[in-house]
Every structure is written in structure tokens, then in C-alpha cells.
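Chain naming here is simple, since letters A, B, ... match the order of the sequence lines and numbering starts at 1 in each. Note that the structure is predicted; figures quoted are calculated from it, not measured.
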2 protein chains.
Amino acid sequence: MPDNNHDLRRTILDTSRRMLVNEGFTNLSMRKIATECDCSATSIYLYFKNKDALLHALIEEGFDLLFEKLKTADDSQRPPLDRANTICREFIDFGLGNPEYYEIMFQLHPRHMERYPVEKFRKARKNIDLIMYLLEDGSKKGDFLIEEPRVVANVILATIHGAVSLLNAGRIDSRVGKEAFVETVVASVLAGLKGTVIMGKDQQPVVS
Amino acid sequence: MPDNNHDLRRTILDTSRRMLVNEGFTNLSMRKIATECDCSATSIYLYFKNKDALLHALIEEGFDLLFEKLKTADDSQRPPLDRANTICREFIDFGLGNPEYYEIMFQLHPRHMERYPVEKFRKARKNIDLIMYLLEDGSKKGDFLIEEPRVVANVILATIHGAVSLLNAGRIDSRVGKEAFVETVVASVLAGLKGTVIMGKDQQPVVS
DNA sequence: TATAGGAACTTAACACTGTTAACCAATAAT
DNA sequence: ATTATTGGTTAACAGTGTTAAGTTCCTATA
């Protein structure tokens with residue numbers, strides 16, 4: 001049996017991912033995962049150094065998922081502004097659609113877990129890089145006016161992240177419609193790329 | 001003894017606030033608070049329904065603190081754009097300067113604690129309202145071009161929140177300087193208010 | 001074929017956590 | 001004088017992450 005060794009490891013990952021999505025991060029305990037996997041809690045420690053390491057593995061999967069989503073949605077043939085628009089919406093869509101994943105990926109405070117290994121940050125950074133390359137492309141084509149793509153890419157990420165996290169936390173004024181909020185956020189991001197972006201009558205941002 | 005009753009209550013609040021700031025949210029346990037207060041852990045339950053209620057009280061204090069900071073920094077006599085600039089920077093300053101407070105105020109996921117009581121949200125909303133009034137003022141004076149101040153106020157809050165939370169979590173690309181990042185975020189927010197904002201040579205946003 | 005080694009897994013335990021039930025002492029009210 | 005209330009306690013429950021020690025079982029070598 002070649003890598004049948006890692007059968008349980010996969011089961012643990014799959015069930016904990018499922019439990020994370022279904023029952024939330026707070027209800028994710030080693031013992032609960034274990035009973036769901038039909039093994040003892042300590043068996044998990046055979047494949048993961050501790051709970052944080054298991055969490056890190058899930059986070060990594062999350063970043064892969066997000067990156068795939070962004071990459072497949074992004075069409076490098078389209079105009080940069082359209083691409084930026086798409087990327088923003090896909091990111092928000094991911095965050096609102098996978099709140100549990102999003103939480104451990106972006107909202108889990110470092111103080112709550114072991115330092116996320118530096119080498120794993122590369123996967124997280126791939127998403128920012130994707131934005132950055134897009135900005136550089138837009139700059140080269142003269143569509144954007146950006147001096148420091150890396151800084152702006154991080155600002156864009158921060159803006160969208162703020163929107164997603166506050167929405168998911170239910171901390172956006174209830175009198176503000178979710179759609180209007182999202183549209184305004186996206187418009188604001190796109191506005192930062194070049195010129196002024198206003199809202200068209202079909203709720204799509206239009207560059208004036 | 002008039003309200004000597006609430007002596008212990010005050011001590012609990014003060015020490016837990018101090019412990020929160022000094023040792024972080026994760027290390028805040030009822031028993032630790034109790035030993036620090038020279039009382040038993042169960043005594044805390046005489047004054048707070050549970051740990052969440054204690055946390056809510058701390059959150060409330062945090063919002064008061066933030067509101068005071070914003071209110072005293074805001075000078076309604078100055079031009080709206082200057083005021084917006086000040087508010088943004090004060091907010092960021094608060095978030096970076098009080099990461100523990102900020103965490104329980106804005107990053108503590110609802111799933112991790114009992115629903116934050118609706119009536120207490122008013123204190124949180126006072127900060128958004130302050131931004132909103134400023135936007136309305138700017139609109140009235142013709143400095144801003146804003147159709148829905150409440151939506152935009154929430155977007156501004158989200159943008160700044162995203163920046164603060166990612167900075168505090170150490171999730172901003174290390175190759176991006178903190179100052180440059182903050183300046184770009186503020187510039188981006190101000191740009192959304194009207195026209196295009198570019199960075200002057202003194203790193204201060206200038207409206208063109 | 002017998003035995004040593006190691007891999008996969010379990011049980012029992014430790015030191016924590018939030019929270020509750022039961023109890024006790026002192027003060028205030030009838 | 002007796003009752004009720006206030007403010008506090010101790011002991012316990014059920015849960016947490018984690019570790020040390022022990023157990024099975026399969027595989028490879030003497």
C-alpha cells in the first residue's frame with residue numbers, strides 16, 4: 001500500500017473542512033472531528049502537529065480555492081478595468097459565500113493561533129500578486145494611473161476585505177442594502193484606479 | 001453605602017480591560033480575572049451574566065473611547081475634506097494603537113459570542129453617524145458628490161477597517177511600507193468623495 | 001519460522017476553560 | 001426575633017487541547 005498511509009489524514013482534512021463549513025469554526029474541536037472520523041482524538045496528532053497545523057492546512061486549501069476562482073474568472077484578453085471589476089466581485093462572492101473559510105483565512109487573528117508559517121504565506125500572496133499583475137497591465141496600457149502596484153494591490157485587498165468581513169459579521173447598518181453597499185465598494189475601488197467612476201442606471205460602474 | 005455595591009463590578013471591568021490590553025484577548029479567562037481581582041471566578045457572575053456580557057461592557061467602553069477620540073479631533077469649522085482626512089487618520093490611529101480593543105470591537109466574530117445586544121449597537125453606530133453627518137455637510141457645501149451618505153459612510157468605515165485589521169494581523173505584504181499603505185488608503189477614501197486625489201510630495205493627499 | 005522493529009492507533013491523564021448548584025455569612029426589613 | 005436579601009464562597013460538571021504510555025498489527029530480517 002503505497003500512500004494508503006495518508007488515508008486517515010485525508011479523511012481528517014475532509015471531515016474537518018465539512019464540519020468547519022457546516023457548524024462553524026467555534027464548534028470545531030479535536031474530539032468532535034475524531035468521532036466524526038471514527039478515530040480517537042489523539043490520532044489526529046499523528047498527522048498534524050496540533051490543531052493550528054490542521055487549521056493551517058485548511059487555510060491553505062482555502063487560498064487554493066480562492067485563487068482558482070479568481071484565475072478562472074479572470075480573462076486577460078478583456079480590458080483591465082473589466083478585469084478589475086470581475087476580480088473584485090469574485091473575491092466578494094467568495095467571502096460572502098464561504099464565510100467559514102473566509103474567517104480562518106483572513107479573520108483568524110494571529111494571536112489566536114500559532115504563527116502562520118512564512119512559506120505558506122506564498123499561497124496567500126498569490127492572490128495579491130494576481131491583482132498586482134492586473135494593475136501593472138492596466139498601467140502599461142494606460143488605463144490605470146498607478147505608481148506603486150504592490151501598494152495599491154494591498155489597498156484594494158484591504159478595501160474588499162473590510163467590506164466582506166463587516167458584511168459577514170452583520171455589522172453593516174441594516175438600513176443599507178447589501179447590494180448597494182457592494183456596488184459602492186466596487187465602484188470605490190475602481191474609482192481609485194483612474195478617473196471617476198459613477199454608477200450607471202443598471203447598477204454597473206461606468207467610467208466617465 | 002449608596003452604590004458601593006458596584007465596587008467589585010468596577011474593579012472587574014478595570015482589571016479585565018487592563019488584562020485585555022496587556023495580555024490579549026486569548027489569555028482573558030474568568031479565573032485569571034478573578035485572581036487578579038482577589039475574588040472567586042463565580043463572583044464575576046454576580047455582576048455579569050456571563051463572559052460575553054463582560055466582553056460587551058468592554059466593547060461598549062471601546063466605542064465610547066473611539067467616539068470621544070473622533071469627536072475631539074473633528075473640527076466642524078474646517079473644510080469637509082480636511083475633516084474627512086482627520087477622521088480617517090484618527091480611526092486608523094485608534095485601531096493600530098489599541099489592537100486588543102479593536103479586536104473585540106470589530107473583529108470578534110458574532111459566532112464567537114452571544115449576539116451583541118441590538119440596543120448597544122447604537123454606540124457603535126454613533127461613529128458611523130459622525131462620518132455620515134460629515135458627508136452630508138460636505139455634500140451641502142458642494143465639496144463632495146455623494147448621493148447616499150449612509151451607504152458611503154459604511155463603505156468608508158469598511159475600507160478603513162479592512163486596512164486596520166490586515167495591518168494588525170500582519171497580513172500586509174512586508175515589502176509594502178506601513179506609512180505608504182496608510183497614506184494610499186486615506187487617499188483612496190478621500191478620492192471617493194469627489195474628484196481625483198493625488199499624493200503631494202509631502203505625502204499629504206492633495207485634491208486636484 | 002521466529003523475532004525484532006516500526007507504524008497506526010488507543011486509553012488515561014493533565015491542566016485548562018466557562019458555567020452552575022449549593023451553601024454560608026452578614027446585613028436589612030418586617 | 002425572625003425572615004429575606006445581598007454578596008460572596010467552594011465544589012462540581014462538561015468541555016477543551018495536548019501528552020505520555022501502552023497496544024495492536026504488519027513487515028522485514030536472522
Side-chain angles (χ1 to χ4, degrees), chain A residues 1-17 19-20 22-59 100 103-104 108-117, chain B residues 1-17 19-20 22-59 100 103-104 108-117:
Chain A
M1 47 211 80
D3 57 352
N4 203 0
N5 289 346
H6 303 74
D7 250 17
L8 183 54
R9 190 192 139 90
R10 257 269 56 92
T11 333
I12 292 170
L13 270 176
D14 290 342
T15 41
S16 55
R17 176 163 36 85
M19 290 176 73
L20 173 75
N22 291 341
E23 288 145 61
F25 166 64
T26 329
N27 292 84
L28 201 63
S29 92
M30 301 299 259
R31 284 177 174 83
K32 284 183 188 167
I33 295 172
T35 55
E36 208 76 11
C37 290
D38 267 324
C39 73
S40 76
T42 51
S43 285
I44 303 177
Y45 289 84
L46 297 173
Y47 301 99
F48 302 93
K49 192 195 158 212
N50 50 25
K51 194 185 182 184
D52 285 338
L54 172 56
L55 230 37
H56 289 164
L58 289 175
I59 290 174
E100 310 292 352
E103 185 181 354
I104 62 170
L108 205 51
H109 204 279
R111 232 174 295 269
H112 292 171
M113 62 171 186
E114 231 166 61
R115 194 95 205 131
Y116 192 66
Chain B
M1 51 209 81
D3 57 352
N4 203 1
N5 289 348
H6 303 73
D7 250 18
L8 184 54
R9 189 192 140 91
R10 258 267 57 91
T11 328
I12 291 170
L13 270 175
D14 290 342
T15 39
S16 54
R17 175 163 38 85
M19 290 176 73
L20 173 75
N22 291 340
E23 287 144 62
F25 167 65
T26 329
N27 293 83
L28 201 63
S29 93
M30 301 301 258
R31 285 178 174 84
K32 283 183 190 168
I33 295 172
T35 54
E36 208 76 11
C37 290
D38 266 324
C39 74
S40 75
T42 51
S43 286
I44 303 178
Y45 290 83
L46 297 174
Y47 301 99
F48 301 93
K49 193 194 157 212
N50 49 27
K51 194 186 182 183
D52 285 340
L54 172 57
L55 230 37
H56 289 164
L58 289 176
I59 291 174
E100 309 293 352
E103 185 181 356
I104 63 170
L108 204 51
H109 204 280
R111 231 175 295 269
H112 293 172
M113 62 170 185
E114 230 165 61
R115 194 93 205 133
Y116 192 65

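- OP1 or OP2 of D/dG8 lies within a sub-4.0 Å distance of a side-chain N or O belonging to B/Tyr47.
- Regarding B/Asn27, its CG atom lies at a distance of 12 Å from the C1' atom of C/dT17, rounded to whole Å.
- Following rounding to the nearest Å, B/Tyr45 (OH) and D/dG8 (P) show an atom-to-atom distance of 16 Å.
- The listed nucleotides are C/dG18, D/dG8, D/dG17; the one nearest the side chain of A/Ser29 is D/dG17.
- Interface remark: the A/Thr42 side chain does form a donor-acceptor pair with the C/dT11 base, using a distance-only criterion of under 3.5 Å.
- Residue B/Ile44 is out of contact with every strand shown, counting any heavy-atom pair closer than 4.0 Å.
- The side chain of B/Ser40 places no N or O atom within less than 4.0 Å of a non-bridging phosphate oxygen (OP1 or OP2) of D/dT10.
- Separating the CG atom of B/Asp38 from the P atom of D/dG7 is a distance of 19 Å, rounded to the nearest angstrom.
- Atom pair B/Leu55:CG and C/dG18:P shows a separation of 11 Å (rounding to whole Å applied).
- Between the CD1 atom of A/Ile44 and the CG atom of A/Leu13 there is a distance of 10.5 Å, given to the nearest 0.5 Å.
- One atom, CG of B/Leu46, and another, C1' of D/dT10, lie 14 Å apart when rounded to the nearest Å.
- B/Leu28 comes within contact range of the sugar-phosphate backbone alone, with a heavy-atom separation under 4.0 Å but no base atom that close.
- Looking at the side chain of A/Met30, the nearest of the listed nucleotides D/dC13, C/dT11, D/dT18 is D/dT18.
- Here the nucleotide nearest the side chain of B/Ser43, chosen from D/dG8, C/dC9, C/dT19, is D/dG8.
- To the nearest angstrom, P of C/dA7 lies 16 Å from CG of A/Leu8.
- Distance check, rounded to the nearest 0.5 Å: CG of B/Leu8 to CD1 of B/Ile12 gives 4.0 Å.
- The distance from atom SG of B/Cys39 to atom OH of B/Tyr47, rounded to the nearest 0.5 Å, is 9.0 Å.
- A distance of 12.0 Å separates CD of A/Glu36 from OG1 of A/Thr11, quoted to the nearest 0.5 Å.
- To the nearest angstrom, C1' of C/dT19 lies 12 Å from NZ of B/Lys51.
- In this structure, CG on B/Leu28 lies 12.0 Å from CZ on B/Arg17, to the nearest 0.5 angstrom.
- Across D/dG8, C/dG18, D/dT16, the shortest atom-to-atom separation from the side chain of A/Arg31 is found for D/dT16.
- Going from atom CZ of B/Phe48 over to atom P of D/dG8 covers 13 Å, rounded to whole Å.
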